[in-house]
Amino acid sequence: MAVQTVATTDSADTVDLGPASGLSCRECGERFALGPIFACEACFGPLEVAYDLPSGDAEELRKRIESGPENIWRYAPLLPVPADVASKPNLNPGFTKLVQADNLARELGVTGGLWVKDDSGNPTHSFKDRVVAQAIEAARAFGFTTLSCSSTGNLAGAVGAAAARAGFRSCVFIPHDLEQGKVVMAAVYGGELVGIEGNYDDVNRFCSELIGDPAGEGWGFVNVNLRPYYAEGSKTLAYEICEQLGWRLPDQIVIPIASGSQLTKIDKGLQELIRLGLVEDRPYKIFGAQAEGCSPVSVAFKAGHEVVRPQKPDTIAKSLAIGNPADGPYVLDICRRTGGAVEDVTDEEIVDAIKLLARTEGIFTETAGGTTLGVAKKLIEAGVIDPALTTVVVNTGDGLKTLDAVAPTTGMSAVIRPNLDSFREAGLA
Ligand SMILES: *Cc1c(COP(=O)(O)O)cnc(C)c1O
């Protein structure tokens, strides 16, 4: 792996990524200067962004955030981005709706309050716009001109769109057999879209090889060599949920797991809010959701293992189909530490949950959201999620991209001739 060597001290001032002060290894704590690196030179552990977070008055910071733009840049003081980020060409995702889901709550017997954080409202209709927005700022800071990624579908679209807006070239890689909606969404923005004959884990392996080769020189892979920055975007989900609840931690959050990055960083975001005094410090539980056909983290959780054994994915939840999740062990750690759990549901339960959310709240989610709600329902019924406490379910994507999943079990109530007799005969009056 051609990891670019960056001095471990002082050269950080040449890169302006706001409060980001460097990178630190999640395993051994070794510090590195900000740069397009993602693995620790000492122990090969994953790197994450370290900060000089604002100190001082929490009330002042809260006011500053509240008077900011209605997108993720209101949290710029807590993100690895330059202070003037809001003035750059960017898709400005975030500040999506937190929907109070009373109908769904009634149906599931939840009395403590149930919310759906609806990230289908982002510019390319998935939560991936949040992470790409961070990666783009890092790419700018490091002088990359081509943006790339390995993707299960949504990321490819998010990179294509953000690159188009920000003036980067893009070349993204996906498994060749993705849903039509995801392929079109990834291709329409005019960048290069390459289908790989293999699954996501093959795509990801290929991209790691490309980074070490002259063919990939000067390319910013948002989820590989820019991964530490990319990952921080998921913190904004935690910030928004708490702000939208009135600067309050929810008691329970249910989050889908693909690589596990999102879940891990939502926890990091919540911890930061506590540390900054923006929310009251009280216990919260994090629950992870997987599809049975790709459930390496769920299997490890239930078996009490600390290592995650890779699987070969086979599920309709393709955006979650990562058989070898990079952040799996951290997810296990967080779900155990907070008293949460990881659970999985069948493809049939995923489809049922998609229809349940649509029927009760008018929100059409993709298979990933079906997985998350399906797991929430299963854990409520099992008494693992407490119905008397506040619960947030994160919807990460849009059902229009995965129509095939529900098409076989939905359709017209009737086809009639255009006259009243025919309508009466159909028995719908
Ligand atoms: C990528 C993705 C996720 C989860 O991503 P992580 O790799 O776990 O951060 C969840 N839902 C959707 C729709 C996605 O596209």
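Throughout, numbering of the chain's residues begins at 1 and tracks the sequence. Start at 1 and go down the list; that is how both ligands and their atoms are numbered.
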Does Lys265 have more than 12 heavy atoms from other residues, nucleotides or ligands lying within 6.0 Å of its NZ? yes
Can Glu243 and Arg62 be said to form a salt bridge (Lys or Arg N to Asp or Glu O under 4.0 Å), step by step? CA-CA 9 Å; Glu243 181 178 352; Arg62 193 179 299 157; over 6 Å; no
closest protein heavy atom to atom 7 (O) of ligand 1 is Ser259 OG, 2.6 Å
Please indicate whether any nitrogen or oxygen in Lys128 is less than 3.5 Å from any nitrogen or oxygen in ligand 1. yes
How does Ser126 reach ligand 1, by side chain, by backbone, by both or by neither, if only non-hydrogen atoms under 4.0 Å count? neither
Examine distances only and state if a side-chain atom of His125 and a backbone atom of Ser120 form a donor-acceptor pair shorter than 3.5 Å. yes
So Phe221 and Phe173, would you call those rings parallel, tilted or perpendicular, with 30° and 60° as cut-offs? parallel
With respect to Thr152, determine whether any N or O atom, backbone or side chain, lies less than 3.5 Å from an N or O atom of ligand 1. no
Could you check whether any side-chain N or O of Arg26 sits under 3.5 Å from a backbone N or O of Glu48, counting only pairs where one atom can act as donor and the other as acceptor? no
I want to know if ligand 1 touches Gly397 in the polar sense, i.e. an N/O pair below 3.5 angstrom. no
What distance separates Thr264 OG1 from Ile257 CD1, expressed to the nearest 0.5 Å? 8.5 Å
May I ask you to check whether Thr396 has an N/O atom sitting below 3.5 Å from an N/O atom of ligand 1? yes
Main-chain N/O of Ala50 paired with Ser21 side-chain donor or acceptor, under 3.5 Å: yes
Going by the atom numbers of ligand 1, which of them fall below 4.0 Å from some non-hydrogen atom of Leu320? 3 (C), 10 (C), 11 (N)
Of all the atoms in ligand 1, which lie at a distance below 4.0 Å from a heavy atom belonging to Pro256? 10 (C)
Residue and atom name of the nearest protein heavy atom (relative to atom 9 (O) of ligand 1), distance in Å to one decimal: Gln262 N, 2.8 Å
Kindly identify the option in Gly369, Gly260, Ala321 whose heavy atom sits closest to atom 8 (O) of ligand 1. Gly260
Atom indices of ligand 1, in the order listed, that fall short of 4.0 Å to a heavy atom of Ser261: 6 (P), 8 (O), 9 (O)
Please state which option from Asn223, Asn154, Val297, Val131 has its nearest heavy atom closest to atom 13 (C) of ligand 1. Asn154
For Lys302, all residues meeting salt bridge (Lys or Arg N to Asp or Glu O under 4.0 Å), sequence neighbours excluded: Glu343, Asp344
Check the pair Asp352, Lys377 against salt bridge (Lys or Arg N to Asp or Glu O under 4.0 Å), reporting the backbone distance first and the verdict last. CA-CA 11 Å; Asp352 287 347; Lys377 180 170 184 278; over 6 Å; no
Atoms of ligand 1 under 4.0 Å from any heavy atom of Glu366, numbered from 1 in the order shown, are 13 (C)
